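The chain is numbered in sequence order, starting from 1. The shown structure was predicted, so the numbers you read here are calculated from the model rather than taken from an experiment. Remember, it's 1-based here, ligands and their atoms both numbered in the order they're listed.
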Amino acid sequence: MKFNLITPHKIIFGQNSLSQLTEEITIFGQKAFIVTGTSAIKRSGILSQVSDKLKDCGIEAVLFSDVKPEPSVDMAEKARDVFKKNKCDFVIGLGGGSVLDVAKSAAALANESGKMIEYQSGREIKIPGVPFIAIPTTSGTGSEATYNSVLTDTLKKAKRSIRAPEMMAKLVIIDPALTISVPPNITAYTGIDTLCHLIEAYVSIESNPITDALCIQGIESVNQGLHGAFINGSDIEAREQMALASLLGGMVLANAGLGAVHGLAASIGGLYEIPHGLVCGVLLSHVMRYNVDVVKEKFACIARIFNPSLNEESADTAAMQAADLVDNLLKEINIPTCPCDAGIYRDNIPAIVAGVSSSVKYNPKKARAEELTKILEDAMTV
Ligand code: NAD
């Protein structure tokens with residue numbers, strides 16, 4: 001048994017944990033760069049909560065609130081420019097995965113001179129950046145616990161990561177109350193992204209006993225929380241389960257990799273403007289059906305979480321139900337199971353397959369262009 005485990009330096013989790021920001025933040029410096037989105041975080045009052053806390057401990061704050069969903073590498077470049085111009089000490093990402101990814105890359109490349117796009121194409125980060133503090137406001141990407149930033153290269157029409165272990169957050173504050181204002185459709189998309197991370201990492205060829213344990217707990221939490229958070233956004237227990245699932249999803253994806261769903265989703269995300277979680281949702285059960293014969297024991301465990309009566313059945317029988325049980329959950333939260341219903345069409349299959357990302361190499365069953373094409377064709381004929 002051999003594995004490495006990379007995790008954030010410190011994680012503070014729980015309802016009202018945002019109140020601990022004041023006691024944790026002063027070690028990072030006197031001038032903060034707050035990265036956030038264009039409106040939701042301001043409207044919900046979350047931004048003023050954070051700004052007030054910084055003021056209380058005498059920290060000056062520079063605000064960058066331009067981040068739009070599914071951000072481009074140019075957006076991240078702009079954030080870094082503003083950071084440098086204002087000579088801040090550290091970066092706080094306050095928002096969903098889009099915001100966290102822009103904040104994370106701005107912090108990591110704060111002291112480098114090259115263009116962001118060069119690092120996205122593999123240039124090494126040689127000069128350490130500044131501390132990155134993650135405060136997620138969606139439960140989905142787990143970006144608070146990963147060391148990559150997913151950014152769209154608009155010229156190549158592809159989503160790719162800037163990645164380096166040093167990009168990991170120094171401090172993560174996960175307060176489930178910050179996700180109460182997330183509307184039902186985004187709760188569904190982000191929640192399915194989390195479930196995808198947990199299932200793909202669980203069956204990844206790089207999985208290990210620690211990531212396996214985290215995946216099982218995370219899938220349990222999705223089972224307990226996702227439907228409740230979707231039908232009643234104020235259900236704090238459900239939000240708490242999803243915040244935990246999201247964190248665990250990030251930890252496992254950072255350490256075990258993902259699979260064909262995310263390999264394809266990265267390509268689709270560059271071609272279509274569709275929320276990342278929705279893309280993952282419409283692909284998940286199709287990729288599971290493709291993988292089932294090589295990961296029966298693990299799929300049986302997943303199926304038994306969603307339907308405990310399958311404990312009475314053989315692993316083979318339980319495993320065969322895993323994808324259908326995921327489809328049932330998708331239906332409960334209004335996510336279609338056919339890519340066409342999300343606006344992804346047959347004509348683009350060759351381009352999608354050609355742009356697949358490196359995540360696919362962790363898929364438990366070899367998925368080359370031919371197999372990926374077949375998965376997409378089958379998915380579009382249901
Ligand atoms: P998002 O960050 O794009 O947010 C979706 C929408 O929700 C936005 O309009 C945002 O303003 C709104 N929102 C956020 N918090 C809210 C709140 N508390 N109340 C009301 N509205 C709120 O969505 P996401 O799914 O969190 O992030 C998606 C991005 O993350 C994609 O670009 C995806 O590729 C990337 N991603 C990154 C990683 C990683 O490890 N770095 C992993 C998976 C996905």
Under a 4.5 Å side-chain heavy-atom rule over Ile, Leu, Val, Met, Phe, Trp and Tyr, are [X] and [Y] clustered together?
| X | Y | value |
| --- | --- | --- |
| Phe132 | Leu21 | no |
| Tyr147 | Leu151 | yes |
| Ile210 | Ile302 | yes |
| Leu278 | Val150 | no |

Check your understanding: Below 4.0 Å from any atom of ligand 1, is there a heavy atom belonging to Ile41?
Key -> yes

Exercise for review: May I ask whether His197 has any heavy atom positioned less than 4.0 angstrom from an atom of ligand 1?
Suggested key: yes

Please identify which atoms of ligand 1 are closer than 4.0 Å to at least one heavy atom of [X].
| X | result |
| --- | --- |
| Glu70 | 31 (C), 32 (O) |
| Gly96 | 2 (O), 26 (O) |
| Pro69 | 3 (O), 8 (C), 9 (O) |
| Ser143 | 39 (C), 41 (N) |
| Thr146 | 39 (C), 40 (O), 41 (N) |
| Asp193 | 43 (C), 44 (C) |
| Lys159 | 31 (C), 32 (O), 33 (C), 34 (O) |

SB check [X] [Y] (cutoff 4.0 Å):
| X | Y | result |
| --- | --- | --- |
| Asp212 | Lys298 | yes |
| Arg368 | Glu371 | yes |
| Glu313 | Arg304 | no |

Check your understanding: According to the side-chain hydrogen bond (donor to acceptor under 3.5 Å, both in side chains) rule, which pairs have a member within residues 218-231, sequence neighbours left out?
Key -> Gln217-Ser221, Ser221-Gln241, Gln224-Gln241

Practice item. Among Arg163, His197, Met167, Lys104, find the residue that satisfies the side chain to side chain contact (heavy atoms under 4.5 Å, CB included) test when tested with Thr146. Key: Lys104

When you measure from [atom] to every protein heavy atom, which one gives the shortest distance, and what is it?
| atom | answer |
| --- | --- |
| atom 30 (O) of ligand 1 | Thr141 CG2, 3.3 Å |
| atom 38 (C) of ligand 1 | Val150 CG2, 3.8 Å |
| atom 25 (O) of ligand 1 | Thr190 CG2, 3.3 Å |

**Study point:** Any Tyr202 side-chain heavy atom under 4.5 Å of Ile216 side chain
**Key:** yes

Option nearest [atom] (shortest heavy-atom distance, choices [options]):
| atom | options | result |
| --- | --- | --- |
| atom 23 (O) of ligand 1 | Ser98, Gly233, Cys196 | Ser98 |
| atom 17 (C) of ligand 1 | Val279, Val182, Leu278 | Val182 |
| atom 18 (N) of ligand 1 | Leu253, Leu178, Thr36, Leu258 | Leu178 |

Is the contact between [X] and ligand 1 made by the side chain, the backbone, both, or neither, using heavy atoms and a 4.0 Å cut-off?
| X | result |
| --- | --- |
| Ala40 | side chain |
| Ile186 | side chain |
| His276 | side chain |

Is the shortest N/O to N/O distance between [X] and ligand 1 below 3.5 Å?
| X | result |
| --- | --- |
| Thr179 | no |
| Thr137 | yes |
| Asp101 | yes |
| Thr138 | yes |
| Ser181 | yes |

Exercise for review: Report the C-alpha separation of Ser48 and Ser51 in whole Å, then their side-chain angles, then the decisive distance to 0.1 Å, and conclude whether the side chain to side chain donor-acceptor pair (under 3.5 Å) test is met.
Suggested key: CA-CA 5 Å; Ser48 54; Ser51 306; over 6 Å; no

Review point. Take atom CE in Met168; do more than 12 heavy atoms of anything else shown fall under 6.0 Å from it?
Key: yes

Check your understanding: Are Lys170 and Phe90 in a cation-pi contact, defined as NZ or CZ under 6.0 Å from the six-membered ring centre and within 45° of the axis?
Key -> no

Exercise for review: Specify whether Phe33 and Phe83 have parallel, tilted or perpendicular ring planes, treating 30° as the upper limit for parallel and 60° as the lower limit for perpendicular.
Suggested key: perpendicular

